[in-house]
Every structure is written in structure tokens, then in C-alpha cells.
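Accompanying notes for the structure given below.
Every chain is numbered from 1, with letters handed out A, B, ... down the list of sequences.
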Number of protein chains: 2
Amino acid sequence: MGPSAVSSDRVLPYRDEHLSIDFDQQVAILDAERMILTRKEYDLLSLLVQHAGEIIPREALLMRVWGYGAEIRTRTLDVHVRRLRKKLGNYADQYIETIFGIGYRFQPFHAPRFFQHPSGKPAEALWA
Amino acid sequence: MGPSAVSSDRVLPYRDEHLSIDFDQQVAILDAERMILTRKEYDLLSLLVQHAGEIIPREALLMRVWGYGAEIRTRTLDVHVRRLRKKLGNYADQYIETIFGIGYRFQPFHAPRFFQHPSGKPAEALWA
DNA sequence: CCGCTTTTTACAAACTATTTACACGTCCGC
DNA sequence: GCGGACGTGTAAATAGTTTGTAAAAAGCGG
């Protein structure tokens, strides 16, 4: 198994008004239509959603989804986030927030959009 | 019993609009015409159909139909899938889906293509 | 041997992933 | 406010991997 294997633990399905994800079957459904995701896209979305509401630093994402260490500098993550957003259609920016200079955060559909950002320390379990 | 012996259990016949298979008699009928299948072709089709709707990883197919272990690298499976598709005529691609990077899946004739494409976790019972 | 099945080989096509290049935004000191 | 430095978004090019296909080689039972 490569670094792409984000998690094999049983995790409760995610579900909100538009999006639902079954982590066991690795199936994401957006407005009743199944999302066609590549492995990396799924892994990335998966990781973000499983930590919905938490900021996940670029480093952590690159580490968990790509197996990259802190040294590596790449735009790959951004490209994949872009593709994910595209597939999330209109809701894209509501779902995936960019936390400038830090990373990304997935927010459930109508989660209160507190101001953005920083001082909220990121999901520690992931990169500590 | 060689590795080709996929199953000797009694299994209920399969049947849909165009295809039916009697697993006891090992006979497959496509639009009222009996399919002429070689042993390997039958074993492969059989295994796929008996797990209709489930993704079966290459490894599992190679294991169950050929007795190959995970180390073995071969295109045999692909060639056999191709022959099967040929014999399935026009319905070929509707019946046998390719799950890129994972394996194959047989779908009953008008199964909701809901579950189309990629990246669902496969039939665990087969390779776990 | 002969005919049929299966496997291998070799290459084409399809698909996914990564990098590159650059436009655009945001931060921050002045 | 202004402007540069740096982060991010995006499209396009490139690389890498998997699958499809045809054809030849190998295997096998009669």
C-alpha cells in the first residue's frame, strides 16, 4: 500500500444537505449524483471531510495523501484541490476553504462561516 | 481439482434481459444462443457474474481463476477479458466494466449505472 | 502431428499524476 | 495607499502507469 492509503479504519459516513460520503465503499455522492473521483482526489476529499471544520496544513495533506515530507515543494496539492472544487460544482468554495498560508479546511454545508482563519490551530492529531 | 475449479457449490442461476447462466450445468446463454466458452472464459465470467455489482480486483481474479499469487505479473487476465467481451457482443462494455487501477466488475443488464465507475472498495470476501 | 486453448510479447491507447508557467490575490512594510 | 514578495488558482504540457489489442509462441489432449 502506498502513501495514498489514507485510512482503512471504519469511519462513520459523512452526510449533509448536498454531499454524502461512504468511507467504507469509497463513494461520494453530490446532489444524488455519484462523484467520479480519482484516487488522489478521493483520498484528499476523504481526509478533509473526516476532519471537517478543522484546518489541515498543507504539510499534513502532502504527508498523508502523497507521503511527501516537509522538504518537498510542489503545486500538486493545489492542483488537486482545484480539481476537487471543480467536481464539487457551485458548492466548491463553501465546502473547501483556503486558509491562507496554512492549508485547507472542509466545512459542512451550512456551517457557520466564522471568520476565517489563522489563530485557530490546526488539527493536531494529523501532523503532531 | 486445479485452480480452475472456481466453485462447485450450488449457486442460483443468473438471469437478466439478455444473459442467463446456469452454474450447475455451466452453460451461458446470450439472447437465446448458447455461448461457446472455453474453460477459462467460463470460469472468469462465472466468477464475475456470481459477484455481480461488486468490484473484483485483478489480484483476486488471478488468484481464483488461475491460482496465481500476488507476485505474478501477466496480461493473461486482460486477454481473457477481451475474449469474453468479444463473445458478449454489443453488450460487452455494459456487462464488464473496467475499474481502472483495481480490476473488473460485472453489472446486470440495466443495473443503475449509479454505481458506475471507479474506485469503490472491492468484494472483500474474495481476497481478504 | 493437429487443432484448439492459453499464455506471452509488443505496442497502442486510455487514464492518472505531476510539473511548469503564469495570472491573480493577499499580506506587510514603508 | 503603494508596491514588492510570496501564496494560490488555473490551464496546459509532460511524465508515468494501467489497460486494450493483435499476433506469435507455447501448451495440451487426442
Legend entry - Under-4.0 Å salt bridge between K87(A) and E41(A): yes

Inset, instruction - Could you tell me whether D43(B) and R64(B) have a side-chain N and a carboxylate O separated by less than 4.0 Å? - result: no

Inset, instruction - Could you tell me whether the phosphate oxygens of dC4(C), OP1 or OP2, come under 4.0 Å of any side-chain nitrogen or oxygen in T38(B)? - result: no

[X] has an atom [atom1]; how far is it from atom [atom2] of [N], in whole Å?
X	N	atom1	atom2	result
R73(A)	dT8(D)	CZ	P	13 Å
L77(A)	dT10(D)	CG	P	13 Å
H80(A)	dT20(C)	NE2	C1'	14 Å
L44(A)	dT18(C)	CG	P	11 Å
I36(B)	dT5(C)	CD1	C1'	14 Å
D43(B)	dT5(C)	CG	C1'	13 Å
W66(B)	dT6(C)	CH2	C1'	9 Å
L84(A)	dT10(D)	CG	C1'	15 Å

Taking only residues two or more places apart in sequence or in another chain, which ones pass side chain to side chain contact (heavy atoms under 4.5 Å, CB included) with [X]?
X	value
T74(B)	L62(B), Y68(B), I72(B), T76(B)
R85(B)	V81(B), A92(B), D93(B), I96(B), T98(B), Y104(B)
E71(B)	none

Inset, instruction - Examine the side chains of Y91(A) and D31(A) and answer whether a donor and an acceptor come within less than 3.5 Å of each other. - result: yes

Protein N or O to nucleotides 28-30 of chain C N or O, pairs below 3.5 Å:
none

Inset, instruction - Please state whether the base of dT7(C) and the side chain of R83(B) form at least one donor-acceptor pair under 3.5 Å? - result: yes

Legend entry - Reported CG-to-CD1 distance for the pair L12(A) and I21(A), which is rounded to 0.5 angstrom: 13.0 Å

Legend entry - Nearest-nucleotide comparison on DNA chain C, the residue closer to the 5′ end among T74(A) and E41(B): E41(B)

Write down the protein N/O and nucleotide N/O pairs, taken from nucleotides 19-21 of chain D, whose separation is under 3.5 Å; answer none if there are no such pairs.
residue: dT19(D); atom: OP1; partner: G101(B); partner atom: N; Å: 3.0
residue: dT19(D); atom: OP2; partner: R58(B); partner atom: NH1; Å: 3.3
residue: dG20(D); atom: OP1; partner: R85(B); partner atom: NH1; Å: 2.8
residue: dG20(D); atom: OP1; partner: T98(B); partner atom: OG1; Å: 2.7
residue: dG20(D); atom: OP2; partner: Y104(B); partner atom: OH; Å: 2.5
residue: dG20(D); atom: N7; partner: R75(B); partner atom: NH2; Å: 3.1
residue: dG20(D); atom: O6; partner: R75(B); partner atom: NH1; Å: 2.4

Legend entry - Which residues share a salt bridge (Lys or Arg N to Asp or Glu O under 4.0 Å) with R15(B), sequence neighbours left out: none

Inset, instruction - Give me the ring orientation class for H80(A) and W66(A): parallel if the planes are under 30° apart, tilted from 30 to 60°, perpendicular past 60°. - result: perpendicular

